[in-house]
Amino acid sequence: MVVIRKFEVSHLNTNCYLVTKNNSGILIDAGENPTEIIYYIKDRGIELKAILATHGHFDHVLGVPELKKHLGEVIFYLHENDEPLVKNDPRTSHISVDGYVKEGEMEFDGIRVKVFETPGHTLGSVTYLIENNLFTGDTLFNESIGRYDLGGDKALLKKSLKRLMELDDLLTVYPGHGFLTTLGYEKLHNPFLNGEIDW
């Protein structure tokens with residue numbers, strides 16, 4: 001089984017998740033000022049295999065250069081549809097994307113990652129499933145959903161959320177901001193999903 005450690009960074013309280021198995025790990029989203037993450041990884045002798053972004057907004061990728069500086073040339077993965085977000089934002093234009101994620105499966109030293117393309121918050125938003133853990137970025141939050149007016153698309157977001165709602169109720173949801181939840185809870189209590197809000 002994997003071990004998941006949540007870090008909350010930057011003034012936007014971005015959730016970054018270190019997923020480890022034995023001595024290997026991957027980081028899902030690399031927010032600004034990842035000092036605590038770097039110390040944690042070094043102190044425990046974890047070998048970081050990759051940084052995976054759920055999407056390309058600055059608050060989820062700004063920490064990539066510092067992580068690479070202190071932990072070696074870790075490969076940074078992003079969906080290709082969000083590379084323009086990174087390159088066209090002056091805050092992140094210096095960040096290089098090393099590889100692309102797409103619908104399907106990836107593996108990093110025994111950590112199996114299933115990738116779902118879930119556009120809407122951004123055109124290249126993805127969700128990662130690792131064992132019974134769903135990393136939704138800014139697509140799905142506890143009792144809320146992500147915005148679609150910052151390079152996203154409302155119709156695509158609705159379609160992506162519908163797709164996620166077809167997954168197992170018992171999956172733990174790790175969002176890009178805020179509290180952990182479960183898919184079953186969101187189906188019942190999220191007003192954007194249960195019909196309370198007509199959007």
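- Side-chain contact check for Ile51 versus Asp98: every heavy-atom pair is 4.5 Å or farther apart.
- Between Ala155 and Asp153 the shortest heavy-atom distance is N-OD1, 3.1 Å.
- Leu67 places a side-chain heavy atom less than 4.5 Å from the side chain of Ile38.
- Residues Val86 and Val9 share a single hydrophobic cluster, defined by chaining ILVMFWY side chains whose heavy atoms lie under 4.5 Å apart.
- At least one donor-acceptor pair closer than 3.5 Å links the side chain of Asp82 to the backbone N or O of Gly124.
- Exactly one residue among Thr136, Thr139, Leu161 makes a side chain to side chain contact (heavy atoms under 4.5 Å, CB included) with Ile145. That residue is Leu161.
- Within the 4.5 Å cutoff, the side chain of Phe179 has no heavy atoms near those of the Thr181 side chain.
- Listed for the His79 side chain is no donor-acceptor partner under 3.5 Å among the backbone atoms of Glu117.
- When every heavy atom of Asn88 is checked against every heavy atom of Pro90, the shortest pair comes out as O-CD, 3.6 Å.
- Annotation: side chain to side chain contact (heavy atoms under 4.5 Å, CB included) contacts of Asn33 (sequence neighbours excluded): none.
- There is a side-chain donor-acceptor pair under 3.5 Å between Glu8 and Asn13.
- Relative orientation of the Trp199 and Tyr148 rings is parallel, given thresholds of 30° and 60° on the angle between their planes.
- The backbone N or O of Gly25 lies less than 3.5 Å from no partner atom in the side chain of Thr20, so there is not a single donor-acceptor pair.
- Taken to the nearest 0.5 Å, the NE2 atom of His70 stands 11.5 Å off from the CD1 atom of Ile41.
- Electrostatic pairing of Glu36 and Arg5 counts as a salt bridge here, judged by a charged N lying under 4.0 Å from a carboxylate O.
- Proximity of Asn15 to Tyr174: side-chain heavy atoms (C-beta onward) are nowhere separated by under 4.5 Å.
- Here the CG atom belonging to Leu85 is positioned 10.5 Å from the CD atom belonging to Glu83, to the nearest 0.5 angstrom.
- With hydrophobic clusters built from ILVMFWY side chains whose heavy atoms lie under 4.5 angstrom apart, Ile4 shares a cluster with Val115.
- Taking OG1 of Thr182 as the reference point, atom CG of Leu170 lies at 7.5 Å (rounded to 0.5 Å).
- Using a 4.5 Å cut-off between side-chain heavy atoms of Ile, Leu, Val, Met, Phe, Trp and Tyr, with links allowed through other members, Leu167 and Leu193 fall into the same hydrophobic cluster.
- For the pair His60/Asp138, a side-chain contact is recorded, criterion being any heavy-atom separation below 4.5 Å from C-beta on.
- Linking Ile, Leu, Val, Met, Phe, Trp and Tyr residues whenever their side-chain heavy atoms come within less than 4.5 Å places Ile28 and Ile75 in a single cluster.
- A pairwise comparison of heavy atoms in Ala53 and Val61 identifies CB-CG1, 4.1 Å as the closest pair.
- Here the side chain of Ser24 pairs no donor or acceptor atom with the backbone of Asp109 at under 3.5 angstrom.
- Looking only at side-chain heavy atoms (C-beta outward), Ile130 and Ile111 come within less than 4.5 Å of each other.
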| request: Please test Leu48 against Leu18 for side-chain contact (heavy atoms from CB on, under 4.5 Å), starting from the C-alpha separation and ending with a verdict. | output: CA-CA 9 Å; Leu48 192 65; Leu18 180 65; 3.9 Å; yes
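- Taken together through direct or relayed side-chain contacts under 4.5 Å among Ile, Leu, Val, Met, Phe, Trp and Tyr, Phe108 and Val101 form part of one hydrophobic cluster.
- At least one donor-acceptor pair closer than 3.5 Å links the side chain of Asp29 to the backbone N or O of Thr54.
- With no hydrogens or angles considered, a side-chain donor-acceptor pair links Glu196 and Asn194 at under 3.5 Å.
- When atom types are taken as modelled, the side chain of Lys49 and the backbone of Leu27 share no donor-acceptor pair closer than 3.5 angstrom.
- Of the possible donor and acceptor atoms, one in the side chain of Glu131 sits under 3.5 Å from a partner among the backbone N and O of Val2.
- The aromatic rings of His55 and His121 sit perpendicular to each other, their planes meeting at more than 60°, with 30° as the lower class boundary.
- In this structure, CZ on Phe141 lies 10.5 Å from CZ on Phe192, to the nearest 0.5 angstrom.
- The minimum heavy-atom distance linking Cys16 with Gly31 is given by the pair SG-N, 3.2 Å.
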| Where do Thr127 and Arg163 land on the side-chain contact (heavy atoms from CB on, under 4.5 Å) test, with the steps shown first? | CA-CA 11 Å; Thr127 295; Arg163 185 180 185 202; over 6 Å; no
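- Here the closest heavy-atom approach between residue Ser93 and residue Lys87 is recorded as CB-O, 3.4 Å.
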| task | Decide ring-ring contact (aromatic ring centres under 6.0 Å, His included) for Tyr17 and Tyr128; before the verdict, give the C-alpha distance in whole Å, the side-chain angles of both, and the deciding distance to 0.1 Å. | result | CA-CA 11 Å; Tyr17 300 103; Tyr128 300 112; over 10 Å; no
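- Side chain of Glu186 to backbone of Glu143: a donor-acceptor contact under 3.5 angstrom is found.
- Nearest heavy atom pair, residue Phe58 against residue Leu12, reads CZ-CD1, 3.5 Å.
- No donor-acceptor pair closer than 3.5 Å links the side chain of His57 to the backbone N or O of Asp59.
- Contact annotation: the side chain of Phe76 never approaches that of Val74 to less than 4.5 Å [non-hydrogen atoms, C-beta and beyond].
- For Asn23 (side chain) and Ile46 (main-chain N/O), no donor-acceptor pair under 3.5 Å exists by modelled atom type.
- Tyr100 places none of its side-chain heavy atoms less than 4.5 Å from the side chain of Lys102.
- In this structure, Lys162 NZ and Met165 CE are separated by 12.5 Å, a value rounded to the nearest 0.5 Å.
- The line from CD of Glu107 to CD1 of Ile26 is 10.5 Å long, rounded to the nearest 0.5 Å.
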| task | Verify side-chain contact (heavy atoms from CB on, under 4.5 Å) between Thr92 and Val64, making sure each step is shown before the conclusion. | result | CA-CA 10 Å; Thr92 57; Val64 169; over 6 Å; no
